[in-house]
2 protein chains.
Amino acid sequence: MNEIRILVVEDEPLIAMDIEQTLNNIDFAVTAIAHTYADAIRQLKINTPEAVLLDINLNDEKDGIDIAEFINQQYHLPIVFLTSHADKSMLDRAKKIQPAGYIVKPFEEKDLLAGLEIALYNFSMRESNKPMLSLTNINKHILSQISEREFDVLVAIYEGKTNMQMAESLFVSVNTIKTHISNIYIKLDVASRTAAIAKVRGWM
Amino acid sequence: MNEIRILVVEDEPLIAMDIEQTLNNIDFAVTAIAHTYADAIRQLKINTPEAVLLDINLNDEKDGIDIAEFINQQYHLPIVFLTSHADKSMLDRAKKIQPAGYIVKPFEEKDLLAGLEIALYNFSMRESNKPMLSLTNINKHILSQISEREFDVLVAIYEGKTNMQMAESLFVSVNTIKTHISNIYIKLDVASRTAAIAKVRGWM
DNA sequence: GCTTAAGTCACCCAATTGGGTGATTTTGTA
DNA sequence: TACAAAATCACCCAATTGGGTGACTTAAGC
């Protein structure tokens, strides 16, 4: 059973130890406990975790949100904030980070575990949540409906294929592809592949 | 001051009343208190809320997670779960709903309010989470770095513009645009606009 | 001061794409 | 069966895009 490796950034020793004990009991493994900005950066490098639990208020000139900014630039990890107050000015700074979750102090063991579980799950969902093209959804936005075959071609355009590549993968001639594309342009009211992509992207 | 209208689904009368009083004091308004699955569905219809607070364990054959499934299918509302135990099998089911938040019983007033605030904030964030192109993010994935000006052109391509449109909006000649595009293709290792779009889309 | 990278622009040619017209076959349905 | 929509393919021409080369200017770094 592989545990999820978590870096904890928390400057209050009592809470840090509490978190460490709680997490190590269950599905999680604490890679390290960092107390400062520099500490956190170093630990990220030498023992890269799979997630980061970040106290926002640190006794340091740089706080948890600064660390989160750094993580978002250099890595691609779910960030869970730990905060004493849900005050508005803090939230405004934190929102740019797009954290996977928040946990409000004081918290109990169950709050921590449930919060982490949900946050990490949401993050993984966000990953696999690459918006997909859908025929019914596109047709909701236009009068003259796109047919199924035309949709196949539209998806191929979206995937960056050339007309020749489409002809091969759809087992028709390039002329047929061109006809479909022309019809798609009329229905979407565009004049180029990229404009078509940009248009349907707005509907996903 | 417009309050956030919340539907509460909770079958234990004492807790339900407690929640109602707590919420009505502050920024929230309780549209109704539902006790069963059928009750919840009806209330959703006749008085659609802006968010749903859902007890998972109901004295009903269908539980809160079933209601959440229904809500996700028919509406687009933030769901906050309320539960007594953070047991694993239940969490596994609940996670699939992608709830906006999670509150564990027994909870105090502050847990409820903070949990709700944060959950709703997260949900609204998720909404405005239209993936954006970012220069630093793209450059994380390639060896030869895209310059700022090239990034301007890449964004214009992404937006479906033609070379001439780009030349106008960036105040340079079409030849310059062509040079930039050629360099972008080399750096991204692609041979067409659509392939470039598809490639960077995978990195957003 | 020299070098390098970025940004600007031009010209040429090839390849691809876009626009228009027409025609045949298949499929579903009234 | 007859009709309409969808899918298939061809041909032509114009417009846009892609690829290669060369050149000039500016800003930043050594």
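Keep in mind that the numbers below use all heavy atoms, side chains included, and drop hydrogens, waters and symmetry copies. Remember, it's a predicted structure, so these values are computed and weren't measured experimentally. Each chain gets a letter, A, B and so on, in the order the sequences are listed, and its residues count up from 1.
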(request) With DNA chain C as reference, determine whether Asn183(B) or Thr162(A) sits nearer its 5' end, using the nearest nucleotide of each. (result) Asn183(B)
(request) Establish, from distance only, whether the side-chain atoms of Asn47(B) and Arg42(B) form a donor-acceptor pair under 3.5 Å. (result) no
(request) Let me know the distance between CD1 of Ile184(A) and P of dG19(C), rounded to the nearest Å. (result) 13 Å
(request) Find the distance Glu150(B):CD to dA5(C):C1' and express it as a whole number of Å. (result) 10 Å
(message) Can you tell me if Arg193(B) touches the phosphate of dG18(D), counting only side-chain N or O atoms and a distance under 4.0 Å to OP1 or OP2?
(response) yes
(request) Name the closest nucleotide to the Ile181(A) side chain, picking from dG18(D), dC9(C), dG18(C). (result) dG18(C)
(message) Considering every strand and a 4.0 Å limit on heavy-atom distances, what is the contact class for Thr179(B): base, sugar-phosphate, or nothing?
(response) base
(request) Please give the angle, rounded to 10 degrees, between the axes at the start and the end of the helix from dG1(C)-dC30(D) to dA30(C)-dT1(D), where five pairs define each axis. (result) 50°
(request) Please determine which of His180(A), Lys178(A), Arg193(A) meets the side chain to side chain donor-acceptor pair (under 3.5 Å) test together with Asn163(A). (result) Arg193(A)
(request) Please state how far atom CD1 in Ile177(B) lies from atom P in dT8(C), giving the value in whole angstrom units. (result) 8 Å
(message) Distance alone, cut at 3.5 Å: any donor-acceptor contact between the side chains of Tyr158(A) and Arg201(B)?
(response) yes
(request) May I ask you to verify if any side-chain N or O of Ser173(A) is less than 4.0 angstrom from the OP1 or OP2 atom of dA10(D)? (result) yes
(request) Can you tell me the distance, in whole Å, between the CG atom of Asp152(B) and the C1' atom of dT8(C)? (result) 14 Å
(message) With heavy-atom distances below 4.5 Å as the criterion, would you say the side chains of Asn59(B) and Glu12(B) are in contact?
(response) no
(message) Is there a side-chain contact between Asn163(B) and the phosphate of dT17(D), meaning an N or O under 4.0 Å from OP1 or OP2?
(response) yes
(request) Please tell me if the side chains of Leu53(B) and Leu7(B) come closer than 4.5 Å, counting only heavy atoms from C-beta onward. (result) no
(message) Distance check needed: dA5(C) P versus Glu148(B) CD, whole Å only.
(response) 17 Å
(request) Specify the separation, in whole Å, of atom CD of Gln165(B) and atom C1' of dA15(D). (result) 14 Å
(request) Given side-chain contact (heavy atoms from CB on, under 4.5 Å), test Ile181(B) with Val153(B) step by step and report yes or no. (result) CA-CA 7 Å; Ile181(B) 292 179; Val153(B) 174; 3.7 Å; yes
(message) Just N and O in the side chain of Asn175(A): are any of them under 4.0 Å from OP1 or OP2 of dA10(D)?
(response) yes
(request) Round to the nearest Å and state the distance from Gln145(B) atom CD to dT4(C) atom C1'. (result) 16 Å
(message) For the CE atom of Met17(A) and the CD atom of Glu20(A), what is their distance to the nearest 0.5 Å?
(response) 8.0 Å
(message) If we check side-chain contact (heavy atoms from CB on, under 4.5 Å) with Asn24(B), which of these qualifies: Ile6(B), Val30(B), Ile19(B)?
(response) Val30(B)
(request) For Glu168(A) and dT16(C), give me the distance from atom CD to atom C1', rounded to whole Å. (result) 15 Å
(message) When you measure from the side-chain N and O atoms of Thr176(A) to the phosphate of dC9(D), is any distance below 4.0 Å, counting only OP1 and OP2?
(response) yes
(request) Output yes when at least one side-chain N/O atom of Tyr185(B) is less than 4.0 Å from OP1 or OP2 of dG19(D), else no. (result) no
(message) For His180(B) and Met164(A), find the nucleotide of DNA chain C closest to each by heavy atoms; which residue's nucleotide sits nearer the 5' end?
(response) His180(B)
